Number of protein chains: 2
Amino acid sequence: MKEKRAKKTQARSQETRETIYEAALVLFQKKGFEDATMREIAASAGVALGSAYYYFRTKEEVVLEFYKRTLEKDDQIKAYFKEETGLKERITYVIRLRIKQFAPFKKFLWVLAKNAVVPGSPLSPFSEESAEIRDKAIAIFEEAVADCKPAPAQLAKELPFLLWLYQLGILLFWVLDQGKTMRKTDILLNTTSEMIVWLVKSSGLPIFGGISKRISTLIQELRD
Amino acid sequence: MKEKRAKKTQARSQETRETIYEAALVLFQKKGFEDATMREIAASAGVALGSAYYYFRTKEEVVLEFYKRTLEKDDQIKAYFKEETGLKERITYVIRLRIKQFAPFKKFLWVLAKNAVVPGSPLSPFSEESAEIRDKAIAIFEEAVADCKPAPAQLAKELPFLLWLYQLGILLFWVLDQGKTMRKTDILLNTTSEMIVWLVKSSGLPIFGGISKRISTLIQELRD
DNA sequence: GTCTATAACCGGATAGAC
DNA sequence: GTCTATCCGGTTATAGAC
């Protein structure tokens with residue numbers, strides 16, 4: 001009996017949270033992150049300011065929630081990997097899909113980028129708190145690398161992490177690029193992804209000397 | 001007569017600005033950027049809050065001022081380039097010197113990094129407003145590349161810009177690395193600088209196909 | 001113990017008098 | 001160019017409702 005009530009309450013609570021979240025997203029899109037105030041968001045969601053802060057510890061946390069939810073939409077990716085084994089195709093597919101998913105919300109995504117760069121921020125992609133999100137994101141690239149063509153001669157172990165970093169970089173570039181089309185991002189993605197694949201393919205060749213060994217040692221040392 | 005008075009006034013004004021700047025730096029070091037308030041800074045400088053804002057449009061602008069001034073200290077660099085022509089040595093010298101100069105103020109340097117990532121921020125290293133600082137910083141690498149060993153087979157034109165980006169990256173890593181020693185940054189700098197030099201040296205070889213051509217086209221397209 | 005609402009705090013930034 | 005007074009919005013404290 002008690003439990004049932006608790007559940008109902010939980011469900012209503014969840015709805016309230018959702019309402020606030022959606023009101024926030026609408027306002028962020030309409031006015032940008034800074035010009036949308038928490039007071040407006042709360043009012044637009046029909047709750048008091050204090051309630052908004054009950055569900056989201058900070059204004060920025062709403063943006064993180066958005067990021068998390070978007071990353072969870074990965075069904076298409078898994079399906080695509082079944083059809084396509086080319087490494088370049090897989091990498092560019094994932095990144096292009098993310099950009100497509102984020103595009104309507106581009107205006108306020110720099111908030112996340114900003115936090116990536118503030119030491120100790122819980123919203124940083126490198127933080128303890130976002131370990132779960134990060135691991136899931138890296139896992140996508142683990143799948144992308146599995147049984148792909150060309151098979152990575154070396155570096156197979158570090159490649160998913162490196163590709164995740166690469167993805168962050170491309171997304172950052174896209175977010176910062178104010179242009180209306182994503183022409184520049186497209187050029188960057190195309191060129192660099194080809195280089196990566198070429199590097200992965202050639203990494204075993206003698207000319208490269210111990211370069212892939214050195215990279216893998218480097219990554220291991222830096223990742224703690 | 002009038003001019004003399006104006007000059008005197010200007011000089012006094014410059015002193016006030018300096019006093020505020022120094023008070024701010026002391027407080028930023030002692031308490032960090034966020035915990036040092038503009039009210040404290042103004043009080044510590046012996047001026048009113050409004051006066052502090054007369055000289056610095058925002059709290060963050062004080063940090064930019066610090067960055068600008070530090071970059072201007074480049075005598076040692078020019079002297080070093082006269083003695084040493086090795087590209088790796090030159091690059092690592094410049095970056096290590098910057099880190100040494102910034103080290104006492106490491107605690108609040110992320111403020112600059114943050115702005116690099118906010119579109120339209122005048123404090124961003126990519127902004128119109130900081131073009132002058134940026135050009136000076138790139139010019140250092142133009143000198144580093146001039147008559148260096150090995151001579152860049154290709155890419156000579158884009159290399160200074162690329163090295164400036166590289167420097168930003170290493171500095172960012174260092175700022176974000178919370179460790180007390182700069183061991184990780186050292187490893188990263190050593191390994192990657194060697195790779196860069198190796199790449200620069202080999203970029204003309206046939207195995208690389210048109211890769212340096214592609215990189216240079218890419219940079220040109222992306223730099224507007 | 002879960003949730004909502006009101007009032008207050010704090011600090012960056014601005015307006016405008018002198 | 002300097003000051004005081006004020007605004008504004010993120011955040012917090014807290015009282016109480018369910």
Side-chain angles (χ1 to χ4, degrees), chain A residues 1-21 23-24 27-28 30-65 108 110-112 114-115 118 121-123, chain B residues 2-21 23-24 27-28 30-65 108 111 114-115 118 120-123:
Chain A
M1 208 52 181
K2 249 183 192 165
E3 272 169 25
K4 207 169 182 183
R5 179 122 47 98
K7 253 186 204 161
K8 247 189 203 158
T9 316
Q10 269 191 332
R12 186 145 31 87
S13 168
Q14 195 50 46
E15 268 175 48
T16 311
R17 188 188 157 88
E18 193 67 24
T19 313
I20 296 166
Y21 171 73
L27 283 166
F28 287 163
K30 206 188 324 187
K31 321 179 68 172
F33 179 77
E34 316 217 79
D35 290 344
T37 72
M38 283 298 272
R39 283 163 178 86
E40 276 180 301
I41 292 169
S44 157
V47 301
L49 178 60
S51 299
Y53 275 100
Y54 177 80
Y55 289 101
F56 298 95
R57 279 200 303 271
T58 65
K59 190 177 166 186
E60 312 208 326
E61 206 165 87
V62 185
V63 183
L64 184 66
E65 173 94 6
F108 60 85
W110 57 265
V111 173
L112 291 172
K114 195 189 69 180
N115 277 284
V118 178
S121 164
L123 278 69
Chain B
K2 247 180 192 167
E3 271 167 27
K4 207 168 181 182
R5 182 123 43 96
K7 254 185 203 159
K8 245 187 204 158
T9 316
Q10 268 190 334
R12 185 144 32 84
S13 166
Q14 195 48 48
E15 268 174 49
T16 312
R17 188 187 158 88
E18 192 68 23
T19 313
I20 296 166
Y21 172 73
L27 283 166
F28 288 163
K30 205 189 321 186
K31 319 179 71 174
F33 180 76
E34 316 218 81
D35 290 343
T37 72
M38 283 299 270
R39 283 165 175 84
E40 276 180 304
I41 292 168
S44 158
V47 300
L49 177 60
S51 298
Y53 275 101
Y54 176 80
Y55 288 101
F56 297 94
R57 278 200 303 269
T58 66
K59 191 177 165 186
E60 312 207 325
E61 205 165 88
V62 185
V63 184
L64 184 65
E65 173 94 7
F108 60 84
V111 173
K114 196 188 70 180
N115 277 283
V118 177
S121 164
L123 277 70

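Because the structure is predicted, anything quoted here is derived from the model rather than measured. Residue numbers begin at 1 in each chain, while the letters A, B, ... track the order of the sequences.
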**Prompt:** How do B:Arg57 and A:Gly46 order along DNA chain C: which one's closest nucleotide is nearer the 5' end?
**Reply:**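 Of the two residues, A:Gly46 wins.
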Once you round to the nearest 0.5 Å, how far does [atom1] of [X] lie from [atom2] of [Y]?
X       : Y        : atom1 : atom2 : answer
A:Phe33 : A:Phe28  : CZ    : CZ    : 5.0 Å
A:Asp35 : A:Phe108 : CG    : CZ    : 14.0 Å
B:Glu15 : B:Ile20  : CD    : CD1   : 12.0 Å

Any side-chain N or O of [X] under 4.0 Å from OP1/OP2 of [N]?
X       : N     : value
B:Thr16 : D:dG1 : no
A:Tyr54 : C:dC3 : yes
B:Ser51 : D:dC3 : yes

**Message:** Under 4.0 Å, counting only non-hydrogen atoms across every strand here, what does A:Ala36 touch: a base, just sugar-phosphate, or nothing?
**Reply:**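 It contacts sugar-phosphate atoms only.
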**Request:** Assign A:Tyr55 to base, sugar-phosphate, or nothing according to its heavy-atom contacts below 4.0 angstrom with the strands shown.
**Result:**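 Sugar-phosphate only.
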Please report, rounded to the nearest Å, how far the [atom2] atom of [N] is from the [atom1] atom of [X].
X       : N      : atom1 : atom2 : value
A:Ile41 : D:dG9  : CD1   : P     : 12 Å
B:Leu49 : D:dT4  : CG    : P     : 10 Å
B:Asp35 : C:dC10 : CG    : C1'   : 12 Å
B:Glu61 : C:dG12 : CD    : C1'   : 14 Å
A:Glu34 : C:dG12 : CD    : P     : 15 Å
A:Glu15 : C:dT2  : CD    : P     : 19 Å
B:Lys59 : C:dC10 : NZ    : P     : 15 Å
A:Arg17 : C:dT2  : CZ    : C1'   : 15 Å

**Request:** Return the 5'-most residue of the pair A:Met38, B:Ala48 with respect to DNA chain D, ranking by each residue's nearest nucleotide.
**Result:**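 In this pair, the answer is B:Ala48.
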**Message:** Between the base of C:dG12 and the side chain of B:Arg39, is there a donor and acceptor pair under 3.5 angstrom?
**Reply:**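 Side chain to base: pair present.
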**Request:** Consider the side chain of A:Tyr53, meaning its heavy atoms from C-beta on, and name the nucleotide among D:dG1, D:dT12, D:dC3 that approaches it most closely.
**Result:**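 Nearest to the side-chain atoms of A:Tyr53, counting from C-beta on, is D:dT12.
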**Item:** Nearest-nucleotide pick for A:Thr58, side chain only, options being C:dT14, D:dG10, D:dT11
**Value:**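 When the side chain of A:Thr58 is considered, D:dT11 is the closest of C:dT14, D:dG10, D:dT11.
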**Prompt:** Are B:Tyr55 and B:Ser13 linked by a side-chain donor-acceptor pair shorter than 3.5 Å?
**Reply:**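 Looking only at side-chain atoms, B:Ser13 and B:Tyr55 do form a donor-acceptor pair, the distance falling under 3.5 Å.
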**Item:** Geometric cation-pi criterion, B:Arg17 with B:Tyr54: 6.0 Å, 45°
**Value:**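 Here B:Arg17 fails the 6.0 Å and 45° test against B:Tyr54.
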